[in-house]
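Below is one structure, written out as structure tokens; comments come after it.
By convention in this document, chain letters (A, B, ...) are assigned in the order of the sequence lines, proteins followed by strands, and residues within each chain are numbered from 1.
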Protein chains: 2
Amino acid sequence: MTETNVSFRALSESCKTCSLAELCLPRGLQNEEMQRLDDVIKTRCVVHSGDMLFKEGNRNRSIYAVRSGSVKTFTVMESGDEQILGFHLPGEIIGLAGLDEAIHNCSSKALETSSICELPLDELETICLQIPSLQKQLLKLISREISQDHKMLLLLAKKNSDQRVATFLLSLSGRFKLRGLSSQSFILSMSRQDIANYLGLAVETVSRILTKLSDDKVIDVTRRAIQIVNHDRLLEIADS
Amino acid sequence: MTETNVSFRALSESCKTCSLAELCLPRGLQNEEMQRLDDVIKTRCVVHSGDMLFKEGNRNRSIYAVRSGSVKTFTVMESGDEQILGFHLPGEIIGLAGLDEAIHNCSSKALETSSICELPLDELETICLQIPSLQKQLLKLISREISQDHKMLLLLAKKNSDQRVATFLLSLSGRFKLRGLSSQSFILSMSRQDIANYLGLAVETVSRILTKLSDDKVIDVTRRAIQIVNHDRLLEIADS
DNA sequence: TACAGTAATTGATATGGATCAACGCTGCAC
DNA sequence: GTGCAGCGTTGATCCATATCAATTACTGTA
């Protein structure tokens, strides 16, 4: 596990010009309010595959918005191995679970070259009090995270391996679509190992299922490139 | 599945006199602020085992605090069977995942006779803007819920059945202790079926593990009455 | 006290997915 | 190019837990 630390590099873009604003924290803000949010953003930085964004136990009170690329969040068990909690695409906010203690309770690592916005919580809390629609949007995002986690609990508690992999592919597909990217053809930024870990399966199982889906002409797999050939069938498989 | 609706019955107690205030939403509030929170609480009602508090899809924008007793939250899958998302004890807030849409995305049912406080979101949001420490406490509680869900994801993805049951018992034990109740001796308000569902196991497996733990003198089980005999051993089992 | 219905336990068997082991492919260093 | 390392696939086997089936214990009701 590389523990390289982030090399910060300022980027010029602001929330006002960011194409993700509608998905992200600034959604619903007026121009002037967006400027104030911009002022809160401490840094916009670029990270590379394997770089840690933040580490479990860090006292650094910030949340982070993915601006491009993708990252994973995970906890490390007593035994040492990690449990991946989520993969995060542009416009998604991470670090929300750390709001209660002044401490992060999961770690985050870049899956590829990505750019990230850092928002210090103290200042964010302050302007939230002044901009009600910002507070509302923050609550929305947090609440959405809980819903997402609940879907995942259901997946892990009830779905078999075929359903898990199908559900995973459909989730990515839908999220790419929301971001104006192809929902049928995309590149996985995470390894098979990461997928398996996230879905509570063995790597071999994930590999076998991808092969099977490919044999059945439901998807097309070439290494990390995925093409969804039969979306309806994939839906059927996902929901039993 | 009984769909009996809640029979509302007003209770006199206020947050100021509630022994759970330190665990619940009012934590950290001044006397006058607590009065304002009290005013927001729509009803304090008593529900009985099997009563629904709210239902997935309901447009009812409220969150709920458990005041006594216990409830479960769950989602219903396409296939019709339910996935339990959590069991909730006095002082815990439920319905937080529904903040983003004006709609509940899980259902909740009482496990025993319980009393519940209902807080309409619109009014809560309003006074949150006026009482910063209330907003902070709300965020804390939500963030704690996410942390809890993350622990559950880890449990479902990585732990075997022994570890799951041991972890479950320890979690209850710890939460009872926080509430000033015995951490060694308590009554399960949920059925084996509910425990199994929550832990992603079969009822038979849960039953067998409880029997085994009892045979090994780690716990004592008499129907729903649990006594933790060897707490350290239970910890060992839970964490591998 | 008897009865019905439900919850919990226990035993026997089946199976989905883990584990172990080997190999192929891809990309990078030299 | 050749060698090497990491990632991914494939096959064989095993085991933890589900499933099926039967029995027992308990709860509420008449």
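D:dG6 atom C1' lies 12 Å from atom CD of A:Q193, rounded to whole Å. One interatomic measurement links the two molecules: NZ of A:K212 to P of D:dG11, which rounds to 14 Å at whole-angstrom precision. Counting to the nearest Å, the C1' atom of D:dT10 and the CD1 atom of A:I209 are 14 Å from each other. Between the C1' atom of D:dT17 and the CG atom of B:N160 lies a distance of 10 Å, rounded to the nearest Å. Whole-Å rounding puts the A:L213 CG to D:dG8 P distance at 17 Å.
Remark: A:S207 is not in phosphate contact with D:dG8, judged by side-chain N or O atoms under 4.0 Å from OP1 or OP2. Between B:T205 and D:dA18 there is a side-chain polar atom (N or O) within less than 4.0 angstrom of OP1 or OP2.
Annotation for B:I94 and B:H88: closest pair CG2-CG, 3.3 Å, computed over non-hydrogen atoms.
Not one N or O on the side chain of A:S183 forms a donor-acceptor pair closer than 3.5 Å with the backbone of A:F176. Not a single donor-acceptor pair under 3.5 Å links the side chain of A:R44 to the backbone N or O of A:S115.
Checked against side-chain hydrogen bond (donor to acceptor under 3.5 Å, both in side chains), B:Q184 has no partners two or more places apart in sequence or in another chain. By the side-chain hydrogen bond (donor to acceptor under 3.5 Å, both in side chains) test, A:D81 pairs with A:S79, sequence neighbours left out.
Salt bridge A:R144/A:E92: absent, no basic N to carboxylate O contact under 4.0 Å. The pair A:D162-A:K212 counts as a salt bridge, with a side-chain nitrogen and a carboxylate oxygen less than 4.0 angstrom apart. Of the charged side-chain nitrogens involved, at least one lies within less than 4.0 Å of a carboxylate oxygen, so that A:K72 and A:E82 count as a salt-bridged pair.
Note on A:R164: nothing from the nucleic acid sits closer than 4.0 angstrom, heavy atoms only.
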Show every donor-acceptor pair shorter than 3.5 Å between a side-chain atom in residues 217-226 of chain A and any protein atom, with sequence neighbours excluded, or say none if there are none.
from   : atom 1 : to     : atom 2 : distance (Å)
A:R224 : NH1    : A:S189 : O      : 3.3

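Using modelled atom types, one finds a donor on one side chain and an acceptor on the other under 3.5 Å when comparing B:S70 with B:E112.
Where DNA chain C meets chain B (any atom under 4.0 Å from a heavy atom), the bounding nucleotides read 5' to 3' are C:dA7 to C:dA12.
Contacts of residues 195-203 of chain B with DNA chain D (heavy atom under 4.0 Å): B:G200, B:L201, B:A202.
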**Report entry** side chain to side chain contact (heavy atoms under 4.5 Å, CB included) between A:T75 and A:N105, worked out
**Finding:** CA-CA 7 Å; A:T75 38; A:N105 58 10; 6.0 Å; no
Query - Footprint string (nucleotides 20-30 of chain D, 5' to 3'): B base within contact, S backbone only, - free, heavy atoms under 4.0 Å - result: BB----SS---
